[in-house]
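To keep things clear, I will list the structure first and then write my remarks on it.
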Amino acid sequence: MSSTVHSAAEQARALVGNHYRCAEPFRVERTRIREFARAVQAYHPAHWREAAAARWGFDAVVAPPSFAALIWQQARREILRTLITGYRLDRIVHVDQTLDIGRPLLAGDVLTCDVYFESFRQFHDFDVITISGVLTDQDGTPVQTGSTALLARTGPAAGPHLGAGARAGFGWEPTVPPVRRPRQPHTRVDLDRLAVDTDLPTASTTLTRRDLAAYARAIGDIAPAEHAGSSGPPVVVAPGMLVLALTAGYLTSWTGDPAAVTKYRAEFANQVHYLAVPRADAVDIEFGGRVVACDRVRRTATVSLHAVSQGRKLFGYASAEVRFTP
């Protein structure tokens, strides 16, 4: 391991148990919501028009459920620029994510982002940094939290996926505070007619390199990174958060409510779970889900989610918690 990477590892290890507040608040703008919604194919009217958002009980355009990815990405860049300075950004892989959504983000929100450093581990050619974050609105209310594991490759460069031993898993619990959920959902699906093992209707979408470039622009990246494909020609590997955002849109189309989902949990990366898009081709993704738990008292259900493309599962594991109309 080089001295530069060793220095980064020591910086990361020293941060465990500490808290960092990002330098600048994040302003949620209507144009950014629409740009992000277009990039992740989120077409619920509440993401686009104030009148539609008002019909769902909101006084501004509603951001798609995974819009916070913009803020987490900005926070990670700031941390790697100012606190952990030895890792190369293009060798860091985002391998899993939880999103706890107290309320959706709205145009006009001004958000403070606080980051908590949960743990640091090393094995083989990877350093693993687990972090959590809290988004607090202009009224001082925590509205969303997120937790993730970042893998920094410290050994030789590799292809578009990780070795089988590099999974971070979910063996840790974040220290971030809980968020409140005051709004009552209005779902088209009746919880009382659902049962465990109910399958959701399947749906599909198509993803092109142009779509990947649009997502990169939406979250502030210059361009998606190319890798050598298994047969030689370059491919672009779709970010796990983009796949999760597309899956969130699928779930919203099922519930009918743009803010019914209160939690997402997904594992993106190991040896097989990634989506490669060849230079000249589009790829199809098929989405599906199954109800794995129902809580009639809390009016919630847990849904296991899957996304499949070219015969490959794109999640190691993914689930969501949905709140239903009382």
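Quick note: residue numbers are just sequence positions, from 1.
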Begin with the C-alpha distance, continue with both residues' side-chain angles, and end with the deciding distance and a verdict on salt bridge (charged side-chain N to carboxylate O under 4.0 Å, His left out) for E321 and R298. CA-CA 11 Å; E321 183 178 274; R298 295 177 57 236; 3.4 Å; yes
Should [X] and [Y] be regarded as members of a common hydrophobic cluster, given that ILVMFWY residues are connected when their side-chain heavy atoms come within less than 4.5 Å of each other, either directly or indirectly?
{"X": "V62", "Y": "L70", "result": "no"}
{"X": "I131", "Y": "L83", "result": "yes"}
{"X": "V322", "Y": "V189", "result": "yes"}
{"X": "V28", "Y": "F58", "result": "no"}
{"X": "V61", "Y": "L106", "result": "no"}

Would you compute the distance between atom [atom1] of [X] and atom [atom2] of [Y] and round it to the nearest 0.5 angstrom?
{"X": "C22", "Y": "I71", "atom1": "SG", "atom2": "CD1", "value": "9.5 Å"}
{"X": "H186", "Y": "R55", "atom1": "NE2", "atom2": "CZ", "value": "13.5 Å"}
{"X": "L15", "Y": "E10", "atom1": "CG", "atom2": "CD", "value": "11.5 Å"}
{"X": "I219", "Y": "F67", "atom1": "CD1", "atom2": "CZ", "value": "11.5 Å"}
{"X": "L135", "Y": "T141", "atom1": "CG", "atom2": "OG1", "value": "12.5 Å"}
{"X": "Q310", "Y": "I285", "atom1": "CD", "atom2": "CD1", "value": "9.0 Å"}

Which residues pass the ring pair (Phe, Tyr, Trp, His ring centres under 6.0 Å) test with F324, sequence neighbours left out?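 Once residues adjacent in sequence are excluded, F324 has no partner under the ring pair (Phe, Tyr, Trp, His ring centres under 6.0 Å) criterion.
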So, using ring pair (Phe, Tyr, Trp, His ring centres under 6.0 Å) as the criterion, who are the partners of H44 when residues are at least two apart?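 Applying ring pair (Phe, Tyr, Trp, His ring centres under 6.0 Å) to H44 gives H47, W56.
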Using side chain to side chain contact (heavy atoms under 4.5 Å, CB included), reason through Q97 and E267 one step at a time and then give a plain yes or no. CA-CA 7 Å; Q97 181 74 58; E267 176 190 286; over 6 Å; no
With a 4.5 Å limit on heavy-atom distance, are the side chains of [X] and [Y] in contact?
{"X": "I92", "Y": "L151", "answer": "no"}
{"X": "L99", "Y": "Q144", "answer": "no"}
{"X": "F268", "Y": "L314", "answer": "no"}
{"X": "T98", "Y": "K263", "answer": "no"}
{"X": "P65", "Y": "V261", "answer": "no"}
{"X": "R323", "Y": "Q184", "answer": "yes"}
{"X": "V277", "Y": "T208", "answer": "no"}
{"X": "L200", "Y": "L251", "answer": "yes"}

Return yes when atom CZ of R188 has more than 12 non-hydrogen atoms of other residues, nucleotides or ligands closer than 6.0 Å, and no otherwise.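 Result for CZ/R188: enclosed.
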For D190, does the CG atom have more than 12 heavy-atom neighbours from other residues, nucleotides or ligands under 6.0 Å away?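 Yes, enclosed.
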Mind listing the closest non-hydrogen atom pair of [X] and [Y] along with its distance?
{"X": "T206", "Y": "Q41", "value": "O-NE2, 3.2 Å"}
{"X": "A259", "Y": "P104", "value": "CB-CG, 3.7 Å"}
{"X": "E118", "Y": "S132", "value": "OE2-OG, 2.9 Å"}
{"X": "I33", "Y": "P64", "value": "CG2-CD, 4.1 Å"}
{"X": "F287", "Y": "S204", "value": "CD1-CA, 4.4 Å"}
{"X": "L191", "Y": "A301", "value": "CD1-CB, 4.1 Å"}

With distance as the sole test, does [X] use its side chain to make a donor-acceptor pair with the main-chain N or O of [Y] at under 3.5 Å?
{"X": "R217", "Y": "L212", "answer": "no"}
{"X": "Q122", "Y": "D127", "answer": "no"}
{"X": "T325", "Y": "T187", "answer": "yes"}
{"X": "T130", "Y": "S119", "answer": "yes"}
{"X": "T148", "Y": "D96", "answer": "yes"}
{"X": "R34", "Y": "W48", "answer": "yes"}

NZ/NE/NH1/NH2 to OD/OE distance under 4.0 Å, E78 and R21: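 Looking at R21 together with E78, the answer is no, because their closest N to O distance does not fall below 4.0 Å.
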Any salt bridge between D211 and R38, counting N to O under 4.0 Å?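 Looking at R38 together with D211, the answer is no, because their closest N to O distance does not fall below 4.0 Å.
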S319 side chain to T302 side chain, donor-acceptor N/O pair below 3.5 angstrom: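 Per modelled atom types, S319 and T302 side chains form no pair under 3.5 Å.
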Can you run down the side chain to side chain donor-acceptor pair (under 3.5 Å) pairs that involve residues 245-258, sequence neighbours left out, and say none if there aren't any?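 Non-adjacent pairs meeting side chain to side chain donor-acceptor pair (under 3.5 Å): R183-D257.
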Could you give all pairs that pass the ring pair (Phe, Tyr, Trp, His ring centres under 6.0 Å) test and reach residues 9-29, with sequence neighbours left out?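 Of all non-adjacent pairs touching residues 9-29, those that pass ring pair (Phe, Tyr, Trp, His ring centres under 6.0 Å) are H19-Y116.
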Pairs flagged by salt bridge (Lys or Arg N to Asp or Glu O under 4.0 Å) wherever residues 282-293 is involved - sequence neighbours left out: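 Salt bridge (Lys or Arg N to Asp or Glu O under 4.0 Å) check on residues 282-293 returns D199-R290.
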Could you list all the salt bridge (Lys or Arg N to Asp or Glu O under 4.0 Å) pairs where at least one residue sits in residues 128-145, not counting sequence neighbours?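 The answer is R103-D137.
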Run R299 and D192 through salt bridge (charged side-chain N to carboxylate O under 4.0 Å, His left out) and show every step you take. CA-CA 9 Å; R299 304 296 296 172; D192 295 323; 3.0 Å; yes
Go through T85 and L80 one step at a time and tell me if the side chain to side chain contact (heavy atoms under 4.5 Å, CB included) criterion holds. CA-CA 5 Å; T85 57; L80 294 170; over 6 Å; no
Evaluate I129 against I84 for side chain to side chain contact (heavy atoms under 4.5 Å, CB included), listing each step before the verdict. CA-CA 11 Å; I129 308 164; I84 309 173; 4.2 Å; yes
Verify side chain to side chain contact (heavy atoms under 4.5 Å, CB included) between L242 and V40, making sure each step is shown before the conclusion. CA-CA 7 Å; L242 171 56; V40 301; 4.1 Å; yes
